[in-house]
> 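Handing you a structure now.
Source: prediction; values computed, not measured.
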Amino acid sequence: MRKESEGVTENLLASARKEFLEYGFHDASLRRISADSGVSTNSIYTRFGDKDGLFTAIVKEAADELMAIYSDSIKKAGDATDISRAEDAGDEGTDLVLEYIYRHPEEFKLIFCCSAGTEYETYFDRLAAKEEYYYKQFAKQFSDGGHPVDDFFIHVYCRNGWQYVYELITHDKSYEEAKEFMANVRAFNYAGWQAVIGMKF
């Protein structure tokens, strides 16, 4: 009986995932999800509370784990005592984040592209805010002193960093393509930071 219930839930979540990916959270229909999965709308409400609860059931685990991975990598980079260690920690963190996202591409497409109207519509902003906090410390710690950087520059730079990930996911780039792309971004950014705040990697 328990296995049967788990199978029903899996079918329901698969139908919901498909619906949210096609229509986004706002325009997704519980009636269509019900018809596709064979689970009554009453049962959906019983299991997940509402449409928002159903969306959360699909993305929460992946969202929480990525935030933890990223928070840990940012802390390691922030704790670095020299620029080369900060660079290594940042590179490792980028690799871990990219690898995790590509193990859960549909969940992150839902979060980045289809979550308007849910608590996850600010997920992108929260990631960028973490990066912004780190880069402000990074710039103060490792600048040569002759290249001041204002907070707005760092704000836009950090949001743009996550925009790269958004573009990779929304354009359905493969993991290999994503790794190559981010390696080019990394090289570009190192040259930029050296020019803007006088860092030498």
Side-chain angles (χ1 to χ4, degrees), residues 1-75 93-132 158-182:
M1 192 71 175
R2 183 177 178 181
K3 287 185 178 179
E4 182 179 342
S5 178
E6 289 174 353
V8 170
T9 299
E10 288 175 6
N11 288 339
L12 172 57
L13 291 175
S15 295
R17 185 189 303 265
K18 183 171 64 174
E19 177 78 7
F20 289 134
L21 283 168
E22 183 171 353
Y23 295 99
F25 173 79
H26 185 269
D27 293 326
S29 165
L30 287 182
R31 288 185 179 179
R32 282 193 298 262
I33 294 171
S34 172
D36 186 69
S37 65
V39 177
S40 70
T41 53
N42 284 340
S43 181
I44 295 174
Y45 284 119
T46 298
R47 291 167 187 265
F48 298 102
D50 54 17
K51 188 167 70 170
D52 187 71
L54 187 54
F55 187 92
T56 297
I58 295 170
V59 304
K60 178 176 171 51
E61 184 176 350
D64 288 351
E65 182 62 20
L66 180 67
M67 190 65 74
I69 290 170
Y70 189 61
S71 296
D72 183 61
S73 71
I74 283 287
K75 184 178 184 307
T94 297
D95 292 342
L96 288 171
V97 163
L98 198 64
E99 191 272 336
Y100 187 78
I101 286 173
Y102 269 85
R103 280 198 278 127
H104 306 276
E106 288 188 344
E107 284 86 346
F108 288 105
K109 184 172 280 191
L110 285 170
I111 291 168
F112 290 149
C113 308
C114 308
S115 62
T118 77
E119 64 178 290
Y120 294 95
E121 67 179 320
T122 62
Y123 187 81
F124 182 99
D125 298 322
R126 284 180 276 143
L127 288 169
K130 281 183 177 289
E131 185 157 358
E132 183 176 343
C158 292
R159 286 194 63 82
N160 196 51
W162 281 101
Q163 186 70 26
Y164 293 138
V165 177
Y166 170 86
E167 295 293 338
L168 290 168
I169 293 297
T170 57
H171 287 82
D172 297 316
K173 294 298 183 182
S174 70
Y175 181 46
E176 291 304 316
E177 289 174 318
K179 287 195 295 183
E180 182 178 356
F181 177 83
M182 291 306 293

> Considering non-hydrogen atoms only, spot the tightest contact between K130 and Y70 and give its length.
CB-CE2, 4.0 Å
> What closest approach, in Å, do N11 and S37 show between heavy atoms, and which atom pair accounts for it?
O-CB, 3.9 Å
> If you round to the nearest 0.5 Å, how far is OH of Y175 from CD of E99?
5.0 Å
> Please report the closest heavy-atom contact between E107 and A62, naming both atoms and the distance.
CB-CB, 3.9 Å
> To the nearest 0.5 Å, what is the distance between CD (E119) and CD (E121)?
10.0 Å
> Using a strict cut-off of less than 4.0 Å between a Lys/Arg side-chain nitrogen and an Asp/Glu carboxylate oxygen, indicate whether D36 and R32 qualify as a salt bridge.
no
> Over 60° means perpendicular and under 30° means parallel, so classify the ring planes of F20 and F55, tilted if in between.
perpendicular
> On the 0 to 90° scale, with breaks at 30° and 60°, tag the F108-Y123 ring pair as parallel, tilted or perpendicular.
tilted
> Does any non-hydrogen side-chain atom of L30 lie less than 4.5 Å from one of L54?
yes
> Give the minimum heavy-atom separation between S15 and I33, together with the two atoms involved.
CB-O, 4.0 Å
> Could you tell me whether K179 and E176 make a salt bridge, using a distance below 4.0 angstrom between a side-chain N and a carboxylate O?
yes
> Do T118 and T56 make a side-chain contact, defined as non-hydrogen atoms from C-beta onward lying under 4.5 Å apart?
no
> For the residue pair N160 and Y164, establish whether any side-chain heavy-atom pair is separated by less than 4.5 Å.
yes
> Which class fits the ring pair F112 and W162: parallel under 30°, tilted 30 to 60°, perpendicular over 60°?
tilted
> Mind checking the CD1-CG spacing from I69 to D64? Nearest 0.5 Å is all I need.
11.0 Å
> With a 3.5 Å distance limit and no angle check, can you tell me whether T122 reaches the backbone of D125 through a side-chain donor-acceptor pair?
no
> Identify the two heavy atoms, one from G117 and one from D52, that lie closest to each other, and give their separation to 0.1 Å.
O-OD1, 4.3 Å
> Atom CG of D172 and atom CD of E177: how far apart are they, to the nearest 0.5 Å?
10.0 Å
> Is the shortest heavy-atom distance from the side chain of L168 to the side chain of L98 under 4.5 Å?
yes
> Please tell me if the side chains of K109 and T170 come closer than 4.5 Å, counting only heavy atoms from C-beta onward.
no
> Hey, are R159 and E131 close enough for a salt bridge, meaning a charged N less than 4.0 Å from a carboxylate O?
no
> Should we say atom CD of E61 is surrounded by more than 12 heavy atoms from elsewhere, each under 6.0 Å from it?
no
> Taking atom SG of C114 and atom CD of E19, what is their separation to the nearest 0.5 Å?
11.0 Å
> Around atom CD of E180, are there more than 12 heavy atoms of other residues, nucleotides or ligands at under 6.0 Å?
no
> To the nearest 0.5 Å, how far apart are CG in L12 and CZ in R47?
6.5 Å
> So which heavy atom on P105 is nearest to which on I169, and how close?
O-CG2, 4.3 Å
> Within the 4.5 Å heavy-atom criterion, are K60 and Y120 side-chain neighbours or not?
yes
